[in-house]
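Both counts, for ligands and for their atoms, begin at 1 and track the order of listing. Positions are given from 1, in the same order as the sequence printed here.
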Amino acid sequence: MNEYDSSRILDLLKKSDYEKTENSENVDCYLINTCHIREKATEKVFHDVGRIKKNYRNKKKPIVLIAGCVAQAEGEIILKNDKYIDAVIGPQSYQELPKIIKGIEEKRSRSNFTEFETIEKFDQLNLIKNSNTKISSFLTIQEGCDKFCKFCVVPYTRGPEYSRSFKELIEESKQLIQNGAKEITLLGQNVNAYNSSNKKLSDLIIQLENLKGLERIRYTTSHPNDMTDDLIDVHGTSKKLMPHLHLPLQSGSSKILKSMNRNHSIDHYLKIIQKLKKRKPNIKFSSDFIIAYPGETEEDFNDTLKVLKSVGFINTYSFVFSARPGTPADLLSLIEDNISKKRLQLFQEIAEKIKIDYRQTLIEKKVKVLFENRISENKYFGRDEYLNSVIVQSVNNLVGRNIEIKIKRCNHQTLFGDIIENPSEKNFAA
Ligand code: SAM
Ligand code: SF4
């Protein structure tokens with residue numbers, strides 16, 4: 001979501017005659033877009049600003065802006081602790097940026113913009129063309145969260161749930177396709193809670209399916225409680241929705257899920273998986289896990305390992321519980337560090353083995369890859385339908401092509417393959 005936000009911020013700043021530069025030694029303005037989901041986020045901001053200060057010691061001071069969820073959550077502390085920072089801007093106040101910059105340019109006034117103005121933000125952004133030209137583009141359709149899992153800062157930093165209108169999303173999708181997008185990933189903190197005038201995520205996918213030029217649709221991140229039957233059905237009927245779903249589980253223990261306020265059990269989660277597999281037999285899953293949540297016993301942890309193995313997630317994101325200030329779980333007693341670390345290590349070893357075993361099954365198989373960019377001379381990067389990274393060498397330009405590739409080898413990050421669709425094309429494995 002920050003990637004989408006950063007790209008829209010750049011569109012906005014054109015209004016103020018600013019543009020992105022790769023030359024960080026000589027800039028007029030720095031904008032740091034931040035994430036607050038786990039600890040050390042604020043320290044990172046001070047560290048980055050420290051580096052800027054050092055680089056600009058003998059030069060004209062650039063305007064320094066801190067945007068995103070760290071600004072939202074800790075804006076006042078940031079402004080108080082570092083006078084070098086000119087403004088903090090929360091994720092719902094980006095539309096104010098041209099005004100903020102003008103104020104700083106004119107009188108170097110410092111400011112804190114951390115109101116929740118989601119509707120105003122998108123009203124303003126809708127007036128500005130989305131100039132993103134990526135083959136695989138993000139599109140934020142929903143923001144915020146009303147679920148209040150006990151460990152999570154999102155409801156406090158991104159505010160309440162808000163869904164953008166159907167019409168503006170179709171317009172922006174058409175714009176992205178016109179710019180060259182062949183794949184659109186619909187984004188939201190709870191993307192499947194999308195509801196605008198009774199139009200749901202399934203309706204949006206069906207509508208996008210009709211857009212000529214669009215070849216792939218994905219959505220992330222979903223909450224299990226919003227995996228409604230209409231959405232599950234679309235996985236069976238849509239030709240463009242990819243057969244991969246990221247569905248965070250957090251823990252394999254219903255007791256821990258309850259104490260996290262996730263409001264569903266393991267059985268409920270596994271039923272969703274079964275339903276999806278029935279509708280789309282080749283679907284595969286990835287997930288997020290929090291290891292060593294306060295109160296997690298050895299038995300609870302073993303339940304997490306059990307579900308990891310039984311679902312066979314092809315990718316997982318796992319972190320030890322990180323206590324976030326202001327959340328209810330911040331008040332709970334932490335599990336000892338050495339136990340947490342051991343559990344995380346064991347979890348990640350098993351998850352990695354599942355991932356590697358799965359990747360090995362792809363060798364000598366055909367996969368469909370949408371190529372996104374050229375990474376070096378005759379070397380192209382793309383993703384298969386399951387979001388696996390694939391690298392192929394080719395003398396022909398593959399950017400934007402969605403073609404069959406035969407996988408020849410893999411490492412834990414990347415698959416390497418040959419083009420097979422058109423034998424006249426000269427190519428070779430990386
Ligand atoms: N809305 C999605 C859901 O409910 O599953 C997840 C969005 S959250 C921004 C992304 C992931 O960050 C979560 O799935 C969770 O695993 C992780 N996360 C959030 N807060 C955390 C915390 N306090 N400690 C460790 N991981 C955390
Ligand atoms: Fe955070 Fe997701 Fe829970 Fe909302 S549903 S509070 S975003 S983890």
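When only non-hydrogen protein atoms are considered, atom 15 (C) of ligand 1 lies nearest to Gln250 OE1, 3.4 Å. In terms of protein heavy atoms, atom 21 (C) of ligand 1 is closest to Phe151 CD1, 3.7 Å. When only non-hydrogen protein atoms are considered, atom 24 (N) of ligand 1 lies nearest to Ser322 N, 3.0 Å. Among all protein heavy atoms, the one lying closest to atom 17 (C) of ligand 1 is Arg38 NH1, 4.0 Å. For atom 27 (C) of ligand 1, the closest non-hydrogen atom on the protein side is Ile290 CD1, 3.7 Å. Here the heavy atom of the protein found nearest to atom 11 (C) of ligand 1 is Asp288 OD2, 3.4 Å.
Numbered from 1 in the order shown, with element, the atoms of ligand 1 that lie under 4.0 Å from a heavy atom of Val320 read 25 (C). Atoms of ligand 1 found under 4.0 Å from any heavy atom of His223, numbered from 1 in the order shown, are 4 (O).
In terms of modelled atom types and a separation under 3.5 Å, the side chain of Gln348 and the main chain of Ser318 share a donor-acceptor contact. In this structure, Ser163 contributes its side chain and Gln142 its backbone to no donor-acceptor pair below 3.5 Å. Between the side chain of Lys54 and the backbone N or O of Gly50 there is no donor-acceptor pair closer than 3.5 Å. Distance alone, capped at 3.5 Å, is enough to place a donor-acceptor pair between the Asn192 side chain and the His223 backbone. Between the Lys408 side chain and the Gly417 main chain, no donor and acceptor come within less than 3.5 Å of each other. Counting only distance, with no hydrogens or angles, the side chain of Asp5 and the backbone of Pro91 share no donor-acceptor pair below 3.5 Å. With Asp203 contributing its side chain and Lys200 its backbone, the two residues share a donor-acceptor pair below 3.5 Å. Between the side chain of Arg279 and the backbone N or O of Val234 there is no donor-acceptor pair closer than 3.5 Å.
Minimum heavy-atom separation, Leu370 to Asn402: N-OD1, 3.8 Å.
Side-chain N/O atoms of Lys99 and Ser16 include no donor and acceptor closer than 3.5 Å. Side-chain contact check for Ser265 and Asp267: no donor-acceptor pair (N or O, by modelled atom type) lies under 3.5 Å.
Not a single heavy atom of Leu247 sits closer than 4.0 Å to an atom of ligand 1.
Of the options Ile37, Thr220, Val154, the smallest heavy-atom separation from atom 19 (C) of ligand 1 is shown by Ile37. The heavy atom nearest to atom 3 (C) of ligand 1, considering only Lys147, Arg262, Gln189, is found in Arg262.
Remark: ligand 1 and Thr221 share no N or O pair separated by less than 3.5 Å (distance only, no angle test).
In this structure Glu352 satisfies the side chain to side chain donor-acceptor pair (under 3.5 Å) test together with His412, sequence neighbours excluded.
Within the protein, the N, O or S atoms lying under 2.8 Å from atom 3 (Fe) of ligand 2 are Cys149 SG.
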